Amino acid sequence: MSPLLEILATLAAGLFAGAALYVTAVVHPARMSCGSVLAVTEFRPSYERGAIMQATLALIGALAAMVRWGLGGQIGWLVGGLLLGAVVPFTLLVIMPTTTRLLDVSLELNSSESAVLLRRWGRLHAVRSALSLVAFVAFLFLFAST
């Protein structure tokens, strides 16, 4: 059971971190280079599709890591699980107000507000990327040491 939990936690964290880093380093800068109108237009369906996948991966990875720790695993499983799990409340409490406004159909797409919101979302999403990457690297080291 423990090796399966380690594989599951590591895989989920790796997929989450990879997707988050791709959005931070490639997708969001590309959408921003197209101007606010196209960036917000692309953001809306992109966010809707990505949110479910990312939340699922974060929860599965965090839960698997914490259960692994609970079964006698190293403290790193708990720490990594908490880091990966932290992206969920961070998203809901910190990023969601910005996301909600970007998804709001009353937002004027060509406004300075939309540009500010997009830049803020990009910075906040980078935090999610960093948290998940640290968790993934921790899981890799832990998995390799067993």
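We use all heavy atoms of the structure for the numbers below, so side chains are in, but hydrogens, waters and symmetry mates are not. For clarity, every value in this text was computed on a predicted model and none was experimentally measured.
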Heavy atoms only: give me the nearest [X]-[Y] pair and the separation to one decimal.
X	Y	result
Ala65	Phe139	CB-CZ, 3.4 Å
Thr98	Leu117	CG2-O, 3.4 Å
Pro3	Phe143	O-CE1, 4.4 Å
Ala58	Val88	CB-CG2, 4.0 Å
Pro45	Thr41	CD-O, 3.0 Å
Ala9	Gly61	CB-O, 3.7 Å

Identify whether [X] and [Y] are in the same connected component of the hydrophobic contact network (ILVMFWY, side-chain heavy atoms under 4.5 Å).
X	Y	value
Leu83	Ile75	yes
Val67	Phe136	no
Val79	Met66	yes
Met53	Leu59	yes
Ile60	Leu71	no

Can you tell me if Leu93 has over 12 outside heavy atoms packed within less than 6.0 Å of its CG?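 For Leu93, atom CG is crowded (more than 12 foreign heavy atoms under 6.0 Å).
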
Tell me whether [X] contacts the main-chain N or O of [Y] through its side chain, where contact means a donor paired with an acceptor under 3.5 Å.
X	Y	result
Thr10	Ile7	no
Arg44	Leu102	yes
Thr24	Ser129	no
His28	Leu118	yes

Would you give the length of the straight line joining atom [atom1] of [X] to atom [atom2] of [Y], rounded to the nearest 0.5 angstrom?
X	Y	atom1	atom2	answer
Arg128	Phe90	CZ	CZ	8.5 Å
Thr56	Leu15	OG1	CG	12.0 Å
Leu21	Phe16	CG	CZ	9.5 Å
Glu42	Met32	CD	CE	12.0 Å
Gln54	Thr91	CD	OG1	8.5 Å
Ser36	Arg119	OG	CZ	7.5 Å

Side-chain donor-acceptor pair present, Arg31, Ser46, cut-off under 3.5 Å: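 Yes, because at least one side-chain N or O of Arg31 sits under 3.5 Å from a partner of the opposite role on Ser46.
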
Would you say that Gln74 contacts Ser145 through its side chain, given a criterion of any heavy-atom pair below 4.5 Å between the two side chains?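 The answer is yes; the side chains approach within 4.5 Å.
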
Going by heavy atoms in the side chains, are Arg68 and Ser2 under 4.5 Å from each other?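 Yes, their side chains come closer than 4.5 Å.
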
Please state whether the rings of Phe43 and Trp121 are parallel, tilted or perpendicular, taking 30° and 60° as the class boundaries.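 Perpendicular: the ring planes of Phe43 and Trp121 meet at over 60°.
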
